[in-house]
Amino acid sequence: MNLLVCFKIYSDLTKIKLDDLEISKEMGVDTHFLPNTINCFDESSLEFAIRLSEKNSSIKKSALTICKEAANPTLNSLLALGYEDVVRIKAEEENLRFNPENVANNIVNYITLNHQDIILIGKESPLSNNAATAQLVSNKLNCPLISSVIDIKLKDDKSIYVQVENNNSIYEQEVKLPCVLSMGNAVITRLRMPTLRERMKNKSRQIEDFDFNHFENRIFEQPYQIYKPNRNRQGLIYKFNGDEDIEKFLEYELSQRINE
Amino acid sequence: MEITKEEIILQMQNFVGNDNVVVDKEVLEDATHDRFRKYEGYHKVFTNPLPAAVVFVDNAEQVSQILRFCNAKKINVVPRTGHSATEGGLETIVRNSIVLDGSNMNKIIDIDPVNMQATAECGVVLEDLEDACRKLGFTTGHSPQSKPIAMMGGLVATRSIGQFSTLYGGMEDMLAGVETVFPDGTISDIKAVPRRSAGPDIRHIVLGNEGTTNFITKVTVKLWKYYPEFQECLGFTLDKMEDGLKIMREVMVEGYRPSVARLYDAEDGKEHFSHFAAGKCVLVFVSEGPKLISHATAEGIREIMQNHPECTPVETKLVENWFANLNWDASRIEEERKDVLETDIVCCTTEISAPWSSVESIYQTCVERVTTEIPDLTIFGGHASHCYSNGINLYFVYWYKVNVDKPEEEIDKYHLPIKKIICEETIAAGGSMCHHHGVGKHRVHWIDKEHGSALYMIKKLKEAFDPNGIMNIGTILPYNGKK
């Protein structure tokens, strides 16, 4: 059984200072100086794949990303963690922003040449989000898509059970393979780290390069305006204490606002 | 007859009021350990006996009353402020201890722009003091990673050091005066003066005592003018740690004093620099101070670096952004807790200092031995981050995937064996096993080798100021009595 995790490495926006928030010429945020991180939904998928393969040795797990050179440490870690294939499609960020069709077509190109039974794709991404890649891949491969998956269990070599979170309810369903799973707020959130010994053992293994093909963006508009939102908030410190002061607070603050 | 827990609590309530004596089980469990036993703590396993109470004090007089009582009744007292210790110094290893908490003493008493010093109670968070000083255009010069959590009392008690130490020094260079309370109830106020030669420098009885002889209540530190606009940041990548150490030495020996001088090996750097320096060592310098001095320092370092083709400059912004995200606050500790519980991967550290002549061999030997002898490591690396004219520190950082039946086995299987290798190799090579985290309760195993014939002085100090042995039992010196 072949399992492919499609994952995204992006600049960690939690590490940006407000002073460094600059709008780039391409209508994006300049992030070139930020460290990388794996999209949290994809991180779940990468760990799920390892756990599933630990339970069933017939699973061959692959990981694919469309990225720049800086992603290499993550890809090497995946090799050390026992991914049989780690595939890199080199591309510049501007080719991918708000262009899920481009991303989906490249994923499908790979899958067409390398058959997969389970394809895991994060349901959204913190940067240049479109929440459409999994849907497009499913559509192009003509295989079922299950959204907001939070857990996966193997049934046999033709089907799996998935848990899905939908409108605050969780249900389990059986899915025939092949299928595309769009990973949601999964029960597993962190990818393990390889040990030094695992890294040494897999040191000579190579990342596989797959050619990037450019597809015209036919679905999504590129951004035409971008600005820094003003989210300044004000706080007031009251030295009130006790019931009397609560009354004062109600009188002076809340009643005034209610009247407004 | 031994005093009961109930009697201790009652007496503490008499001293500080009921609200300031906390006996809630969760609080007591949390008070049994510090970050040394974080893995156990995250799993809600508590191997040390619960203290009788956590007692919050408001002033030096209360501390005096409590210590006098505990001294008379032979009750172990563990002094605490920010609870950010890493070496077990805050562990309560005997029954019915009192954790004496100074975090409510959180007033900034004075920022004196004429004499360039600031006085704060022991429970003032360093970041709060620093922010208050910066509003007036000053800095304490102290910036440990724990700045958002650590408090002034603990910072003095552990003789802490910060990221700008190469210019401003460690706490021993910053401390001007200090008020402290001894077990017999004596309150001693060491006055803040520029310098004096009136006998031994008694600040050093307080500095680094780790709560084993006194409880610090008030601290006066020196101030400097703060010139963030003149800071210059330089970053370089290189292949070999030994080359970086030689450059650090050259910069220091030539007489330059950058505020920051840091060298990361490729392993430790993975966590910080993989987006621009994967597989490389990273060297960072920051110069600061008045415009001419800061610029001259940066220029001098640039001139030195021009003679080192093995180093490649990196864009300043990459380094600046990394540096801006270096500190640990409460939310980061919570993130760590979640990560540890989900992955069972723990990160711990041991920091040492070494003369220039042996630092390379200590680094190489420790890397070789630890990676060969210790199982389940995911990362073992280190950085040098505090430079002196006569040597440097090494801060070993190690991550391991815990594989034990019970959480309490983690320390004996991983953390202590790693620490043992690092401490023993360092001492054997002429360095010190503790650079700035203190001895705590888990480096006491090597305290005799650390001090050699000078251990006599440490023991005498303890006997003189704490003859009944009630202050933070098992810290700095080992405890072999009944637990």
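Proteins come first, then strands; the chains are lettered A, B, ... in the order of their sequence lines, and each starts at number 1.
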Should we count CD of E368(B) as having more than 12 external heavy atoms under 6.0 Å?
no
Less than 4.5 Å to any heavy atom of chain B: does that hold for the side chain of T74(A), its backbone, both, or neither?
neither
Interface residue of largest heavy-atom contact number with chain B, from T189(A), N36(A), T14(A), I188(A), under 4.5 Å:
T189(A)
Check the surroundings of atom CG in D209(A): do more than 12 heavy atoms from other residues, nucleotides or ligands lie under 6.0 Å from it?
yes
Quick one: CG on L196(A) to OG1 on T372(B), what's the gap to the nearest 0.5 Å?
10.0 Å
Side-chain donor/acceptor of R199(A) to backbone N/O of T378(B), under 3.5 Å
yes
Contacting moiety of K338(B), where chain A heavy atoms sit under 4.5 Å
neither
Could you look at P73(A) and say if it's the side chain, the backbone, both or neither that has a heavy atom under 4.5 Å from chain B?
side chain
To the nearest 0.5 Å, atom NE2 of H275(B) lies from atom NE2 of H32(A) at 9.0 Å
Among V314(B), V319(B), T316(B), L318(B), the one residue meeting side chain to side chain contact (heavy atoms under 4.5 Å, CB included) with F33(A)
L318(B)
L341(B), part contacting chain A, at a heavy-atom distance under 4.5 Å:
neither
Segment of I9(A) engaging chain B (4.5 angstrom heavy-atom cut-off):
neither
Nearest non-hydrogen partners of K317(B) and D20(A), listed with the distance
CE-OD1, 3.6 Å
If you compare all heavy atoms of R197(A) against all heavy atoms of P375(B), which two are closest, and at what distance to 0.1 Å?
NH1-CA, 4.1 Å
Please classify the contact between T343(B) and chain A as side chain, backbone, both or neither, with a heavy-atom cut-off of under 4.5 Å.
side chain
Contact origin within I345(B) toward chain A - heavy atom pairs under 4.5 Å
side chain
Out of curiosity, I379(B) CD1 to M193(A) CE, how far, rounded to the nearest 0.5 Å?
3.5 Å
Are there over 12 heavy-atom neighbours, none belonging to K413(B), within less than 6.0 Å of that residue's NZ?
yes
Which one, L34(A), I16(A), N72(A), N76(A), leads in non-hydrogen pairs under 4.5 Å with chain B?
L34(A)
Does the D376(B) side chain pair with the main chain of T195(A), one donor and one acceptor, at a distance under 3.5 Å?
no
Greatest number of heavy atom pairs closer than 4.5 Å to chain A - which of S274(B), A278(B), G279(B)
S274(B)
I'd like to verify something: which residue of K15(A), E198(A), K17(A), E47(A) has the highest number of heavy-atom pairs under 4.5 Å with chain B?
K15(A)
For W399(B), is it the side chain, the backbone, both or neither that has a heavy atom under 4.5 Å from a heavy atom of chain A?
side chain
Go through R190(A) and E335(B) one step at a time and tell me if the salt bridge (charged side-chain N to carboxylate O under 4.0 Å, His left out) criterion holds.
CA-CA 12 Å; R190(A) 289 285 188 264; E335(B) 276 296 304; 3.3 Å; yes
